[in-house]
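Before any comments, here is the structure.
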2 protein chains.
Amino acid sequence: MADVTRLVEQARAGGPRAVARLISLVEGASPQLREVMAALAPLAGGAYVVGLTGSPGVGKSTSTSALVSAYRRRGKRVGVLAVDPSSPFSGGALLGDRVRMSEHASDPGVYIRSMATRGHLGGLSWAAPQAIRVLDAAGCDVVLVETVGVGQSEVDIASEADTTVVLLAPGMGDGIQAAKAGILEIGDVYVVNKADRDGADATARELNHMLGLGEARKPGDWRPPIVKTVAARGEGTDEVVEALEKHRAWMEENGVLAERRAARVAHEIERIAVTALRSRIGDLRGGRDVGALAARVLDGSLDPYTAADELVAGLTAGA
Amino acid sequence: MADVTRLVEQARAGGPRAVARLISLVEGASPQLREVMAALAPLAGGAYVVGLTGSPGVGKSTSTSALVSAYRRRGKRVGVLAVDPSSPFSGGALLGDRVRMSEHASDPGVYIRSMATRGHLGGLSWAAPQAIRVLDAAGCDVVLVETVGVGQSEVDIASEADTTVVLLAPGMGDGIQAAKAGILEIGDVYVVNKADRDGADATARELNHMLGLGEARKPGDWRPPIVKTVAARGEGTDEVVEALEKHRAWMEENGVLAERRAARVAHEIERIAVTALRSRIGDLRGGRDVGALAARVLDGSLDPYTAADELVAGLTAGA
């Protein structure tokens with residue numbers, strides 16, 4: 001068993017191995033998960049959590065890496081959580097482009113962690129909030145959470161981050177895709193990366209147009225800025241940091257940060273509670289109850305809602 | 001209030017409006033949802049449910065439409081459930097390519113329904129199993145469920161269908177994408193559509209190679225076939241139907257169909273039960289409990305796991 005108190009002390013003191021070990025403990029749902037979370041509780045809350053999302057190919061890893069550099073130049077400690085989509089069956093992640101981060105690998109002020117997405121709830125890994133909490137408690141000023149914007153993950157990231165950055169690139173038919181995926185509703189800051197390519201201005205214009213559609217903002221409302229970057233050369237990254245800081249300041253002035261964080265934590269608590277209840281359902285006499293109910297639904301003698309009622313009744317009647 | 005008994009009778013008799021009305025009742029979680037599900041219970045179970053998934057642009061709608069024609073030529077009644085990704089916030093679906101189905105709009109042996117994906121659980125709409133049950137109970141021999149294969153939805157569809165068809169098209173960089181998305185683990189039948197285009201053979205070869213990797217099948221195991229089609233001209237569609245029928249026969253002979261259906265219904269019951277429990281959590285004194293717990297987590301005096309324990313204790317202690 002790991003000595004959690006000691007690991008937390010070491011992580012606070014900047015020990016990268018202790019941080020890695022703590023994330024492993026919370027990621028693997030180890031028996032010590034609860035002990036770790038209890039130890040971290042009084043320490044977390046200082047980090048600014050920035051989510052980055054976008055379709056494959058827009059340059060997310062390169063942009064994240066450029067942002068790390070920009071924050072390091074400002075003397076900030078930075079945590080990076082890269083959530084990779086992977087097979088929910090195999091659990092294996094394709095981490096090829098993580099190597100682009102290697103320039104930061106030896107920097108003691110940077111923690112980088114890759115995490116596979118897993119489990120039937122999809123999207124962001126269920127362990128992401130816990131891992132963010134570890135990085136936060138370890139003293140990171142900024143935690144960058146990078147995930148591929150397909151399907152559910154960009155929504156999940158918006159619910160886990162203080163500020164969400166949506167990345168696009170020219171010539172990817174992003175317009176209609178963006179509308180489909182709903183990313184126009186989650187971005188606090190938009191970045192058109194690869195801005196040295198043809199079509200960057202058109203993409204920014206189209207995006208600006210779409211963001212303006214149905215606009216009925218009140219004075220003081222946040223209007224997501226659009227920043228053009230060439231992340232591979234670090235161009236525009238300082239402007240992204242400025243946009244982030246502006247958004248953070250706006251959130252603080254308007255009470256939005258506290259609101260978002262309260263909603264995030266409430267959601268986290270509910271999710272843990274639901275997972276616990278779900279696991280109790282699975283445990284009901286080794287799943288025999290569910291199997292027997294399923295058989296009755298299949299033979300037409302019961303509908304699934306009545307079956308679920310019986311399950312819930314068995315659960316809340318006590319073990 | 002709708003007269004559910006009468007609607008069910010009309011749906012059984014082939015009334016398209018009654019089918020549409022029943023789906024609306026189950027989709028909207030109306031107060032009559034339970035009444036409808038109870039009425040359908042003894043009638044469902046006859047339909048063969050085929051899921052179709054693939055990346056945007058592979059020709060899913062065209063392929064679905066061609067399959068509808070093929071099954072109609074065989075005298076089968078066909079239901080189509082097209083699940084569109086849409087913003088989880090706005091709930092709006094982009095149904096542009098639904099028009100390709102219009103050739104079947106006046107056929108009384110075909111029911112077509114579009115459904116938006118909604119809600120935080122993402123992927124397939126939570127109402128999809130209920131809608132499938134309506135189409136099943138209404139006497140459809142085959143129900144085709146079409147969804148875009150991004151992120152979670154292709155996994156969800158595999159868990160809702162008897163047979164899952166994965167569609168690909170040449171020249172879309174499908175290889176590595178396929179591996180990433182895990183579609184290689186869910187397909188019972190693979191279709192390379194747009195087979196008149198350059199690269200179709202290469203795509204089929206690559207797919208065949210990847211399906212063979214790590215192959216340790218026992219005699220009698222199912223080896224997913226790869227069928228080439230040009231769905232827009234109906235070419236290869238009969239071969240797809242043959243592959244589907246072969247898979248169905250193989251599942252019946254090997255008890256796999258009963259197994260899949262039992263697992264599917266068990267999962268459905270659990271999901272309904274969890275939703276009910278989740279809603280009870282939200283109801284706990286109007287959400288005040290969760291809010292108060294979140295505040296204690298935010299000020300560092302409680303960790304989210306202990307908070308969840310308190311929530312669950314409050315719930316199972318009885319209302």
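Note on naming: letters A, B, ... go to the chains in the order of the sequence lines (proteins, then strands), and numbering restarts at 1 for each one. Excluded from the calculations below are hydrogen atoms, water molecules and symmetry mates; all remaining heavy atoms, backbone and side chain alike, are included.
In this structure, chain B has no heavy atom under 4.5 Å from any part of A/Ala295. For B/Ala38, the parts sitting under 4.5 Å from any heavy atom of chain A are the backbone and the side chain alike. Only the backbone of B/Leu302 comes within contact range of chain A, judged by heavy atoms closer than 4.5 Å. Contacts between A/Ala266 and chain B at a heavy-atom distance below 4.5 Å involve backbone atoms as well as side-chain atoms. Neither the backbone nor the side chain of B/Asp299 has a heavy atom closer than 4.5 Å to any heavy atom of chain A.
Residue A/Ala273 comes nearest to B/Ala308 through the heavy atom pair N-CB, 3.7 Å, listed as atom of the first residue, atom of the second, then distance. Nearest heavy-atom pair, B/Ala294 versus A/Ala262, reported as atom, atom and distance to 0.1 Å: CB-O, 3.9 Å.
Most heavy-atom pairs under 4.5 Å with chain B, from the set A/Ala258, A/Ala307, A/Pro304: that is A/Pro304. Between chain B and the residues A/Arg261, A/Glu270, A/Arg34, the most heavy-atom pairs under 4.5 angstrom are made by A/Arg34. Heavy-atom pairs under 4.5 Å with chain B were tallied for A/Val297, A/Asp309, A/Ile269; the largest tally goes to A/Ile269.
Of the charged side-chain nitrogens involved, none lies within less than 4.0 Å of a carboxylate oxygen, so that A/Asp303 and B/Arg133 do not count as a salt-bridged pair.
The structure places CE of B/Met37 at 9.5 Å from OG1 of A/Thr306, a figure rounded to the nearest 0.5 Å. Distance check, rounded to the nearest 0.5 Å: CD of A/Glu268 to CG of B/Leu293 gives 12.5 Å.
Side-chain contact between A/Leu277 and B/Val312 is present, with heavy atoms from C-beta onward closer than 4.5 Å.
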